[in-house]
Number of protein chains: 2
Amino acid sequence: MEVITLTGVTDSATAKGEQTRELILSTALRLFREQGYGKTTMRAIANEAGVSVGNAYYYYGSKDHLMQAYYDLLQDQHREAVEPILATEKAFVPRMTGVLRTWLDVSAPYHEFAGTFFKTAADPRSPLSPFSEESRPARDASVEIFRRVIDGSDLKLAADLKTELPELLWLLQMGVVLFWVHDQSEDVRRSRALIDRAVPLVDRLLRLTRIPGVRGVTTDIVTLINSIKP
Amino acid sequence: MEVITLTGVTDSATAKGEQTRELILSTALRLFREQGYGKTTMRAIANEAGVSVGNAYYYYGSKDHLMQAYYDLLQDQHREAVEPILATEKAFVPRMTGVLRTWLDVSAPYHEFAGTFFKTAADPRSPLSPFSEESRPARDASVEIFRRVIDGSDLKLAADLKTELPELLWLLQMGVVLFWVHDQSEDVRRSRALIDRAVPLVDRLLRLTRIPGVRGVTTDIVTLINSIKP
DNA sequence: CCCCACTCTTGAACATGTTCAAATCTTATG
DNA sequence: CATAAGATTTGAACATGTTCAAGAGTGGGG
């Protein structure tokens, strides 16, 4: 049997398996969206996909791994959706605001079960932890977005700050995510408000770093952050 | 049957039950400490305590509730352990540093299973979430500590900042906790280093707020924080 | 065409958090 | 004391994530 895979490569050895893998993942994501993570059982996923429970475990080591796969998908979507903004906007505030709002948009369908997601992510031993080794590729890709936000903008920054800022903005995004997870307002209005008000503040803060008395503290903060990295 | 309870009140109606409740909790905490949260089963707890599984559930609605109970205990211990520092130290830096280091000390025996703890706490629907309604008493008590840290210190602050600062310091503690959970260094040396370097920085930042150009941004930050509170 | 090695699939079995109806114990009241 | 009402306790049953030994399918080499 020969099947054309998504990458266009013909690979008769694994084609069948890949099809099953994708079938299981897409079924799982649909059920997660429809009924939430907690209420979706592995049996239901297997059932709906027309395979056995054991088969699902052959491809995904645990229910969490299915979520990890979803997370990777989300990151990809965000990266894509953000391109128009990075290409168009030139000022820091709209660039950053756009990137964060886009994240909300992309993640919207999953808000309902996001709680469970971040519950798992908070466990330092979980591969889903944003600080884990397994998440490094996704995290690096995310930080890269923020590097582009800065590089393409009108911000004038000291060299050391410019190096660290992408990671700091990534941390800010983590904060927004944390707020969003807890946000029960209609249409996550409050999360949007937070973004719209916080980003201009960050902008002002960054411009403050040019004041002599402030510069020293900034340097020290950057140094501290560097020292606590693993 | 009549039993003297911990509070010294004789209460024959509930005395027996309270004894069982305490027996279950202490047994659970011991097992958590000895083998970690994940490896401690409800059956093991019941077994070790000499009661039935259902009995444990009669007093604690879930395994998580046993952890919640532990958390409350921890808070109490911290509050007590912090008194000498608040009574002795007068400068902001040693006061704040002392409070944070004490938290590390009190929590040390549970570092091994802290990951699981904060995993549960990260779920916004969990009663253990530091932002949940159920946690309000513990949170308020914790914020109160930081209010005292500020009030008893030599800091000179604008009124609005002084009102919000306790909660901000509480947030800083949450950050330290997050770092600590992930900290695998021997004797959590890195967490201690973080505290020792971060607190003086906070001190300098707070003194900066008196510079005219900085004052405005500070006010706006305080306003923003107020606006995102529930 | 046959067979070996490998991939893939199955479903029963297991572990553990949780529920619940029934049994037992305790206390207040006549 | 006898009894009803309520508190406490029990253990079997249930739901669901996970494991695993065995079977089925597949493809290349002889």
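The structure presented is a predicted model; accordingly, all values stated were derived computationally and were not measured. So you know, we letter chains A, B, ... as the sequences are listed, proteins then strands, and number each from 1.
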Ile24(A) CD1 - dC8(C) P separation (whole Å): 11 Å
d(CD, Glu18(A); P, dT7(C)) in whole Å: 13 Å
Whole angstrom value for the distance that separates C1' of dT9(C) from CG of Asn47(A): 15 Å
Nearest-angstrom distance from the residue atom CD of Gln19(A) to P of dT7(C): 18 Å
Test item: Arg95(B) side-chain N/O and Leu86(B) main-chain N/O as donor-acceptor pair under 3.5 Å: yes
Counterpart residues, side-chain contact (heavy atoms from CB on, under 4.5 Å), relative to Glu48(B) (two or more places apart): Thr27(B), Arg30(B), Leu31(B)
Partners meeting salt bridge (charged side-chain N to carboxylate O under 4.0 Å, His left out) with Arg190(A) (sequence neighbours left out): none
Salt bridge (charged side-chain N to carboxylate O under 4.0 Å, His left out) partners of Asp196(B), counting only residues at least two apart: Arg101(B)
Sugar-phosphate, base or nothing in reach of Tyr59(B), heavy atoms under 4.0 Å: sugar-phosphate
Pairing residues for Glu89(B) by the salt bridge (charged side-chain N to carboxylate O under 4.0 Å, His left out) criterion, not counting sequence neighbours: none
Residues forming a side-chain contact (heavy atoms from CB on, under 4.5 Å) with Glu144(B), sequence neighbours excluded: Arg147(B), Arg148(B)
Presence of Thr20(A) side-chain N/O under 4.0 Å of dT9(C) phosphate oxygens OP1/OP2: yes
Sequence-aligned protein contact record of nucleotides 16-24 of chain C, with B where the base is within under 4.0 Å of a protein heavy atom and S where only the sugar-phosphate is: BBBBB----
